[in-house]
2 protein chains.
Amino acid sequence: MSSENNDSILKLERFLPYRLSILSNKVSSLVADIYKDKFAISITEWRIMAVLGEYPDISADEISAKTQIEKSILSRSVSKLLKRKLIERDMAEDDKRRSVIRLSTTGKSVYDEIVPLSYEYERALLKCFTKEEQAQFSALIDQLYEHASSLQI
Amino acid sequence: MSSENNDSILKLERFLPYRLSILSNKVSSLVADIYKDKFAISITEWRIMAVLGEYPDISADEISAKTQIEKSILSRSVSKLLKRKLIERDMAEDDKRRSVIRLSTTGKSVYDEIVPLSYEYERALLKCFTKEEQAQFSALIDQLYEHASSLQI
DNA sequence: CTAAATTGGTTGCCATTGCAACTATTAGCT
DNA sequence: AGCTAATAGTTGCAATGGCAACCAATTTAG
């Protein structure tokens, strides 16, 4: 008999943070491939375009708040998207620090192509759940996220 | 009335891949802080140590299979752990390509300290669920992961 | 009104990531 | 045996991430 009791070993493959990370990577890398292959766009860039599709004419800071993208990464991604003319930027009249960003015409057309693909992918993903399970899973994610946030210092 | 129908806008904050990514990042960054603050160890390094705690004397390739860590990243992490004497490595007798890796005495003692912390964190996380919800969530994760894997080419 | 603090955004720098090319060893074929 | 393919692991390199320092504009406090 081993001197170990069960608690002294960690079953990594059943450890929740690990499982979430693996699941998220799998799910995200599949979307990333779609965006990258068809539009040469990264997940980060897509997220920026996604919020701009929903909320036009917002500042970098507001994008950062909505997407959780760190501001230096955001700044560099915005530069790239500007160079590729997928977005446009002005400075706010009333506050010359604040930028005002929106999708360009090209950007909007790319956005309009990606949105249905994204929904289709999500639908395909959720096919493995019943409607009820979908609702459960969604609620549990929100619940856990809420709780995890409260654990932070 | 807008000319847009609802499908032409993507609500990023309700998009499953995005939500999973945000949740996973939150959960992982909390653990990462614990490991980093107390043991100056990264998540990647911890995962390597975790499988070695469970399966001593396995090869880098087997670690890679169990943790999903890409082999170049694994190689560099193993070098670091060797330098810090948290793990030990020999080459297999029967196959001089294959390494045989295990936790060192120091590594084992670090492992023995981290394991209960990890379980405690997981327990704290899951506090927001009833036993039933825990089981549901766990099952749904497995189900979705399985399904997502099948979507891959 | 002015000095200090705050805010929005950019940049420098270093660590991490991940693909691809490479070395060394072993396995498979004929 | 001898040649080719596959496998284990390392390394080069370019892209990405993220902290911290920084600049400029604005707000706040005295």
Side-chain angles (χ1 to χ4, degrees), chain A residues 21-22 24-26 28-33 35-37 39-48 51-52 55 57-84 87-102, chain B residues 21-22 24-26 28-33 35-37 40-48 51-52 57-84 87-102:
Chain A
S21 161
I22 298 288
S24 169
N25 283 347
K26 171 85 68 184
S28 282
S29 72
L30 288 173
V31 222
D33 288 346
Y35 300 159
K36 182 153 239 166
D37 290 353
F39 306 97
I41 256 177
S42 74
I43 288 276
T44 302
E45 287 159 358
W46 166 244
R47 285 186 184 166
I48 296 171
V51 289
L52 290 175
Y55 309 97
D57 296 303
I58 60 177
S59 70
D61 218 46
E62 289 169 302
I63 297 176
S64 173
K66 286 183 192 303
T67 58
Q68 314 252 52
I69 298 171
E70 200 264 344
K71 65 178 187 165
S72 69
I73 296 167
L74 185 67
S75 170
R76 286 187 262 250
S77 296
V78 163
S79 299
K80 268 194 213 168
L81 290 171
L82 282 171
K83 232 174 256 166
R84 292 179 56 191
I87 62 175
E88 291 162 357
R89 177 174 62 177
D90 294 313
M91 287 303 158
E93 292 285 310
D94 55 325
D95 185 342
K96 284 166 217 150
R97 293 169 304 180
R98 178 175 293 118
S99 55
V100 181
I101 308 176
R102 80 200 74 79
Chain B
S21 162
I22 298 288
S24 168
N25 283 346
K26 171 84 72 186
S28 282
S29 72
L30 288 173
V31 221
D33 287 347
Y35 299 160
K36 182 154 239 164
D37 289 353
I41 255 177
S42 74
I43 288 274
T44 302
E45 287 159 0
W46 165 245
R47 285 186 183 165
I48 295 170
V51 289
L52 289 174
D57 296 304
I58 61 178
S59 70
D61 217 47
E62 288 170 303
I63 297 176
S64 173
K66 287 183 192 302
T67 58
Q68 313 252 54
I69 299 171
E70 200 263 344
K71 65 177 187 165
S72 68
I73 296 167
L74 185 67
S75 170
R76 287 187 263 250
S77 296
V78 163
S79 300
K80 270 195 211 167
L81 290 171
L82 282 172
K83 233 174 255 166
R84 292 180 55 193
I87 62 176
E88 291 163 356
R89 177 173 62 177
D90 294 313
M91 287 304 157
E93 291 286 310
D94 55 324
D95 185 342
K96 284 165 217 152
R97 294 169 304 182
R98 178 175 293 118
S99 56
V100 181
I101 308 177
R102 79 199 76 80

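Every chain is numbered from 1 and lettered A, B, ... according to where its sequence line falls, protein lines coming before strand lines. The model shown is predicted, which means the values in this text are computed figures rather than measured ones. The figures that follow rest on heavy atoms only: side chains count, while hydrogens, waters and symmetry mates do not.
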Donor-acceptor contact below 3.5 Å, side chain B/Ser29 vs main chain B/Lys26: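 Confirmed, B/Ser29 side chain pairs with B/Lys26 backbone.
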Backbone of B/Glu70 reached by a side-chain donor or acceptor of B/Ser64 within 3.5 Å: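 A pair under 3.5 Å: no.
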For [X] and [Y], which heavy atoms make the closest approach, and how far apart are they?
X	Y	result
B/Thr67	B/Arg47	CG2-O, 3.9 Å
A/Ser99	A/Met91	CA-SD, 3.8 Å
A/Ala40	A/Arg84	O-NH1, 2.8 Å
A/Ser77	A/Thr44	OG-CG2, 3.6 Å

May I have the distance from [X] (atom [atom1]) to [N] (atom [atom2]), rounded to whole angstrom?
X	N	atom1	atom2	answer
B/Arg76	D/dC13	CZ	P	12 Å
B/Ile43	D/dG18	CD1	P	13 Å
B/Leu74	D/dG9	CG	P	8 Å
A/Met91	D/dA24	CE	C1'	11 Å
A/Ile69	D/dG17	CD1	P	9 Å
A/Arg98	D/dT27	CZ	C1'	12 Å
B/Glu70	D/dG9	CD	C1'	11 Å
B/Ile73	D/dG9	CD1	C1'	14 Å

Pick the closest DNA chain D nucleotide for B/Ser75 and for A/Ser77 by heavy atoms, then say which residue is nearer the 5' end.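 The answer here is B/Ser75.
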Please compare A/Lys36 and A/Asp95 by the position of their nearest nucleotide in DNA chain D and report the one closer to 5'.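 Nearest nucleotide further toward 5': that of A/Lys36.
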Tell me if the side-chain of A/Arg97 makes a donor-acceptor pair with the base of D/dA25, cut-off 3.5 Å, by modelled atom types.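 Pair found.
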A/Tyr55 and its side-chain contact (heavy atoms from CB on, under 4.5 Å) partner, picked from A/Leu52, A/Ile58, A/Asp57: A/Ile58
Identify which one of B/Ile43, B/Ile48, B/Val78, B/Val51 satisfies the side-chain contact (heavy atoms from CB on, under 4.5 Å) criterion when paired with B/Ile69. B/Ile48
Taking 5' to 3' order, which nucleotide of DNA chain C is first and which is last to have an atom within less than 4.0 Å of a heavy atom in chain B?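 In short, chain B contacts DNA chain C from C/dT16 to C/dT26.
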If only side-chain N and O atoms of B/Ser99 are considered, is one of them under 4.0 Å from the OP1 or OP2 phosphate oxygen of D/dG9?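 Checking D/dG9 against B/Ser99, a side-chain N or O does come within under 4.0 Å of OP1 or OP2.
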State whether B/Arg89 places a side-chain N or O below 4.0 Å from either non-bridging phosphate oxygen (OP1 or OP2) of D/dT10.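 Yes, because at least one side-chain N or O of B/Arg89 sits under 4.0 Å from OP1 or OP2 of D/dT10.
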Taking only the side-chain heavy atoms of B/Ser59 (C-beta and beyond), determine which of D/dA25, D/dG12, D/dG9 contains the nearest atom. D/dG9
Among the candidates D/dG12, D/dG18, D/dG9, find the nucleotide nearest to the side-chain atoms of A/Ser72.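 For A/Ser72, the side-chain atoms sit closest to D/dG18.
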At under 4.0 Å between heavy atoms, what does [X] touch on the DNA or RNA strands: base, sugar-phosphate, or nothing?
X	answer
B/Lys71	base
A/Ser64	nothing
B/Thr44	sugar-phosphate
A/Asp94	sugar-phosphate

